[in-house]
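Since the model is a prediction, treat every value here as computed from it, not as a measurement. Order of the sequence lines sets the chain letters (A, B, ...), proteins ahead of strands, with each chain counted from 1.
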2 protein chains.
Amino acid sequence: MTRAPQKRRLETRTKLLSVAAAIVQEQGYSGLRVEEVVHQAGVAKGTLFSHFKDKDGLLAVLIGDQVTRLLDGMEAAGAPLDVAELTSRLAPHLDFVAQDRVIFDLLLRYSGTTAAEPDEVVEASFIRQVALLTRWLDYMQAAGAIRKDQPPQLLAEGVQAFLNHVLALGFCMAHETGPSPAQALEPYLQTWLQPPG
Amino acid sequence: MTRAPQKRRLETRTKLLSVAAAIVQEQGYSGLRVEEVVHQAGVAKGTLFSHFKDKDGLLAVLIGDQVTRLLDGMEAAGAPLDVAELTSRLAPHLDFVAQDRVIFDLLLRYSGTTAAEPDEVVEASFIRQVALLTRWLDYMQAAGAIRKDQPPQLLAEGVQAFLNHVLALGFCMAHETGPSPAQALEPYLQTWLQPPG
DNA sequence: TTTTATAATTGACCACGGTCATTTTCGATC
DNA sequence: GATCGAAAATGACCGTGGTCAATTATAAAA
C-alpha cells in the first residue's frame, strides 16, 4: 500500500514536465539534456530520476502526450472507407514520428506491447493505437474495402510493421528529400490489405 | 587521393577487431566496452576512434562479418520452394539478430540502404541480403509459389518489414518465453505473399 | 645518413546519463 | 508548537562513449 504523493512532489513533477516540454519545443526531442531540464526546473539531478525511471521515461511521457492528441484526432475522424483514406489518416502520426529519430526509437521499444496493465504513458497510447487500427480494419472488412481472410488484429499488426518500415527507410535516407512518409506507405498497405485469390 | 595505409595501421586494426571479437564471444555484443577493447589491445582510446567512426562502427564490422557468414549459408542453400521453406531459411538470421538488442538496433539503422557505394560492412551485407531475397522471390514467383502481382523488390521489402516487426515484438516481450522468431514470422509471410484476388 | 612531410598514436579531457548515502522538508500525532 | 518517522530532494560521484592538440613512428626525398 503506497501512500498518496505530497503536494510538493506533484508540483516538482509538473515543473519538470513543463520545462522539458518547453525545451523540446525549441530544441527538438534529441536536443533534450537532463542537466538542462533540472537546471531550468531548479531541482537537483537526482530528483528527476526519482520521478522518471530514466531519460526515456521522461521522454515517454512527453511523447505519449503527443500521441494521445493525435489519437484523439484520429478517433474523431471515424473509420476510413478505403486504403487511400486509411493512409491519409495515418499521415499525421507518421509525420510526428518522422520528425525525430528519438521518437521512433522510443516507440519501437513498445511496439509489441499487447499486455494489460499499461502503467507507462507510451504503452497506454500504443495499445490504444492498435485497438483503433483494429477497429478500423474490422469496419473496412465489413464494408468490403479490404481482404477478409485474416483477422483484423493480424492486419493491424502488419500495418504497424509497414509504418515502422517506412519510418526506418526515411531515417536511413538521411539527407534525401524523398516524398512524405505517407506516400511511401501507401503501396505497402495496398498490397497488404488487397483481397487474396 | 589517399595513400595506402602503413603496415602498422593494419596490424592495429586487426588487433582491435580480434580483441573485440573475443570479448563479444564471452560477454555478448552488449557487454562490449570500448575501454576494455583498447586495454586488451594495448592501444590508446583515441586509436580505436581513428580506426572506427564510433563504437557502432566497430560493432558494424563484427556484425557485418557474422551476417556475411549467414548469407553464405543462405546462398548455398538455393531458392526456397514455398513460404514455409522461405521462413526456415530466414530462421538462422532471425536467431542471430534476436540474440542481442544491440544487433537489432544497429541493423535497423541500415535497413533502408539501397544506394551503391557501400563502404560500410553492414551496408554491404545488407544490400546483399535484399538482393538475395529479391532473387528468391523472383524465383518463387516464376515457380508459382507466391503472388505475381507485385515486383519481387517490393515483396522483399515487405519481408524485411516483417522480419523487423517480429524481432521488435520479441524484444518487447522481454521475459516472455515465446516461440522462435521464425515461427512468429510465418503467418505474416503467408499472408503477405499469398496471391491476390 | 639526415631531413622532412605526414601517417599513426597518445592520453588528458569533456559530455552526458545515471546512482545513492546524506540531508531537508512535510505532515501526522501528541 | 514540539516530536518524529517517512517522503522528497540533494549533489558529489561514477561509467562510458567520444574529442583533439600534442607527440611519436614511418618512409620517401635529399
What is the distance from [atom1] of [X] to [atom2] of [N], rounded to the nearest Å?
X       : N      : atom1 : atom2 : answer
B/Leu10 : C/dA7  : CG    : C1'   : 12 Å
A/Glu36 : C/dC16 : CD    : C1'   : 13 Å
A/Arg33 : C/dG18 : CZ    : P     : 12 Å
A/His39 : C/dA15 : NE2   : P     : 15 Å
B/Phe52 : D/dG17 : CZ    : P     : 15 Å
B/Leu16 : C/dA8  : CG    : P     : 14 Å

So which protein nitrogen or oxygen atoms get under 3.5 Å of nucleotides 18-25 of chain D's nitrogens or oxygens?
{"unit_1": "D/dG18", "atom_1": "OP2", "unit_2": "B/Lys55", "atom_2": "N", "d": "2.7"}
{"unit_1": "D/dG18", "atom_1": "O6", "unit_2": "B/Lys45", "atom_2": "NZ", "d": "3.0"}

Ring pair (Phe, Tyr, Trp, His ring centres under 6.0 Å) involving B/Phe104 - partner list, sequence neighbours excluded: B/Phe171

Please confirm whether the shortest side-chain N or O distance from B/Arg9 to OP1 or OP2 of C/dT9 is below 4.0 Å. yes

Counting only side-chain N and O atoms of B/His51, is one of them less than 4.0 Å from OP1 or OP2 of C/dT9? yes

Out of curiosity, A/Tyr188 OH to B/Glu157 CD, how far, rounded to the nearest 0.5 Å? 3.0 Å

What's the separation between atom CD in B/Glu186 and atom CG in B/Leu86, rounded to the nearest 0.5 Å? 9.0 Å

Identify the residue among A/Leu189, A/Leu185, A/Leu90 that makes a side chain to side chain contact (heavy atoms under 4.5 Å, CB included) with A/Val166. A/Leu185

NA contact type, A/Leu32, heavy-atom cut-off 4.0 Å: base, sugar-phosphate, or nothing? sugar-phosphate

Scan A/Thr12 against the nucleic acid and name what it touches under 4.0 Å (heavy atoms): base, sugar-phosphate only, or nothing. sugar-phosphate

So which pairs with a foot in residues 12-24 of chain B pass side-chain hydrogen bond (donor to acceptor under 3.5 Å, both in side chains), sequence neighbours left out? none

Student check: side-chain heavy atoms of A/Pro195 and A/Lys148 closer than 4.5 Å: no

